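For reference, the structure is listed below as structure tokens.
Every value quoted in this text rests on a predicted model; they were computed, and no experiment measured them. In what follows, every heavy atom counts, from backbone to side chain, and hydrogens, waters and symmetry copies are set aside.
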Amino acid sequence: MEKTGVALLLSMLVITAFIAGCIGGESGTHSPNTSSGIAGTVQTSSSPDGSDNWKLSWDASRPLRIDGGSYRVVEVTYNITAKEGGQIYRYTMIRGYKKTTFKGKAAYEAYVIVRFHDGTTYNYTAYVTREKITELTGYILWMPTVFQFIEAPGYEKLMVTGPGCTYVVEDDTWQGDPSCGMMLHESFFDNMWDLNTGFAGGIYADVVDATSLKDGPGYSVKKDGSRELGGMRFHLYNVSWSGSVRGMFPAEGYTVITPELPFPVELNASVRDAHVHVILTNLKLEHTS
């Protein structure tokens with residue numbers, strides 16, 4: 001089966017999950033990852049004003065200016081709680097990338113690790129050439145979804161491993177079990193992120209369009225203290241919003257952001273009868289030259 005066939009199959013699953021809202025999986029709790037962040041630096045406080053990084057819509061493909069320094073995001077960790085159809089799912093999702101070699105050439109290894117409360121773990125690993133890594137770091141690598149990752153263009157090889165299963169896509173062919181990890185990437189709350197990958201004050205850019213950290217149509221903004229991430233303390237803003245997804249499905253919630261980061265620090269959203277709560281619990285940054 002060609003890779004395009006896999007993409008078509010998963011796209012059909014998205015539509016099915018969106019219409020039916022039927023999901024399956026595991027439930028439970030998992031302690032958040034609280035490990036450190038910036039190598040070779042001391043804790044500092046970010047500047048609360050003057051940064052528009054929050055408008056980049058999950059784009060961490062270029063270094064970010066934070067408190068006068070230049071940093072590159074290399075890993076994020078999310079604590080996720082999702083509810084749909086009477087089911088509750090709680091898990092930790094670690095996403096990131098690192099330098100490696102692939103078939104003797106310089107490359108990057110991009111990864112997603114999903115851990116449930118009982119230790120059940122799914123690993124998603126993609127090998128990407130240096131030239132194509134920005135296709136992942138442009139937004140796909142930082143969003144709390146598995147579906148976006150496995151559908152990403154440009155990878156040389158994709159591997160999915162889970163309890164008793166393996167799935168590998170390489171050179172437009174696949175082998176193993178294509179249902180490995182399917183309970184995650186065919187779920188409604190994971191596919192929600194495919195409807196609109198931007199961030200503009202809400203879970204979807206077409207729910208509300210926040211262009212500043214002041215109240216606007218469909219949303220209100222207030223300062224919300226600060227939070228330590230990756231050895232830095234970030235000042236926060238809480239954006240409460242309501243509207244509809246694609247003008248069809250009611251949606252409401254709140255998004256906690258810091259001006260210096262291109263992705264939310266916390267997101268609590270309800271769409272129809274589905275609900276998702278995502279908290280950024282760990283952030284790893286590297287100094288850039």
Side-chain angles (χ1 to χ4, degrees), residues 9-30 32 57-58 76-95 112 114-118 120 122 124 139-140 142-151 162 179 181-210 218-220 238-257 263-281:
L9 172 62
L10 291 173
S11 297
M12 293 174 65
L13 288 171
V14 174
I15 297 173
T16 302
F18 185 78
I19 295 175
C22 296
I23 59 177
E26 303 179 50
S27 60
T29 58
H30 183 82
S57 301
W58 308 90
V76 296
T77 301
Y78 297 111
N79 229 23
I80 300 174
T81 301
K83 302 178 182 179
E84 204 279 334
Q87 299 281 349
I88 301 177
Y89 310 85
R90 295 186 178 94
Y91 52 94
T92 297
M93 181 180 290
I94 303 172
R95 311 176 64 91
V112 179
V114 178
R115 294 188 182 132
F116 287 92
H117 74 293
D118 61 357
T120 300
Y122 288 90
Y124 302 77
Y139 67 90
I140 295 171
W142 316 115
M143 296 168 56
T145 167
V146 174
F147 173 78
Q148 282 286 351
F149 184 79
I150 64 175
E151 282 290 276
S179 66
M182 187 70 77
M183 50 77 58
L184 278 169
H185 53 74
E186 75 171 352
S187 65
F188 179 85
F189 51 83
D190 193 271
N191 283 294
M192 307 168 65
W193 303 91
D194 189 51
L195 298 177
N196 194 307
T197 56
F199 167 69
I203 187 171
Y204 307 113
D206 63 344
V207 175
V208 292
D209 183 15
Y219 69 94
S220 61
N238 188 305
V239 183
S240 298
W241 48 269
S242 63
S244 61
V245 178
R246 293 185 174 179
M248 297 183 292
F249 304 105
E252 63 179 1
Y254 67 84
T255 306
V256 179
I257 69 170
F263 31 76
V265 172
E266 183 174 351
L267 174 64
N268 197 314
S270 295
V271 181
R272 296 198 308 177
D273 61 344
H275 180 83
V276 64
H277 188 193
V278 179
I279 301 176
L280 180 65
T281 61

Are the side chains of W142 and P264 in contact, using a 4.5 Å heavy-atom criterion?
no

Hey, can you tell me if Y91 and F116 have their rings parallel, tilted or perpendicular (30° and 60° cut-offs)?
tilted

Could you tell me if E266 and Y254 have a donor-acceptor pair between their side chains, going purely by distance under 3.5 Å?
yes

Work out which heavy atom in V207 is nearest to a heavy atom in A251; give both atom names and the distance.
CG2-CB, 4.3 Å

Please step through side chain to side chain contact (heavy atoms under 4.5 Å, CB included) for the pair V278 and W193, ending with a clear verdict.
CA-CA 12 Å; V278 179; W193 303 91; 4.1 Å; yes

Nearest 0.5 Å, please: how far is CZ in F249 from CE in M192?
11.5 Å

Heavy-atom closest pair (P144 atom, D190 atom, distance to 0.1 Å) is O-OD2, 4.4 Å

Nearest 0.5 Å please: distance from the OH atom of Y124 over to the CZ atom of F147.
12.5 Å

Check R95 against V146 and note the closest heavy-atom contact, atom names and distance.
NH1-N, 4.4 Å

Heavy-atom closest pair, residues Y139 and S57:
CB-O, 3.9 Å

Shortest non-hydrogen pair, M93 vs V112, comes out as CG-CG1, 3.8 Å

All salt bridge (charged side-chain N to carboxylate O under 4.0 Å, His left out) counterparts of E252, not counting sequence neighbours:
none

Determine the minimum heavy-atom distance between Y122 and G162, stating which atoms define it.
CD2-CA, 3.7 Å

Please list, chain by chain and in numerical order, all residues satisfying side-chain contact (heavy atoms from CB on, under 4.5 Å) with S220, sequence neighbours excluded.
D215, S240

To the nearest 0.5 Å, tell me how far F188 CZ sits from E84 CD.
6.5 Å

Are a donor atom and an acceptor atom from the side chains of H275 and N268 found within less than 3.5 Å of each other?
yes

Please round to the nearest 0.5 Å and tell me the distance separating atom CD1 of I279 and atom OG1 of T77.
13.0 Å

Straight-line distance of N238 CG to T255 OG1, nearest 0.5 Å:
8.0 Å

Which distance, rounded to the nearest 0.5 Å, do you find between the NE2 of H185 and the CZ of F149?
11.5 Å

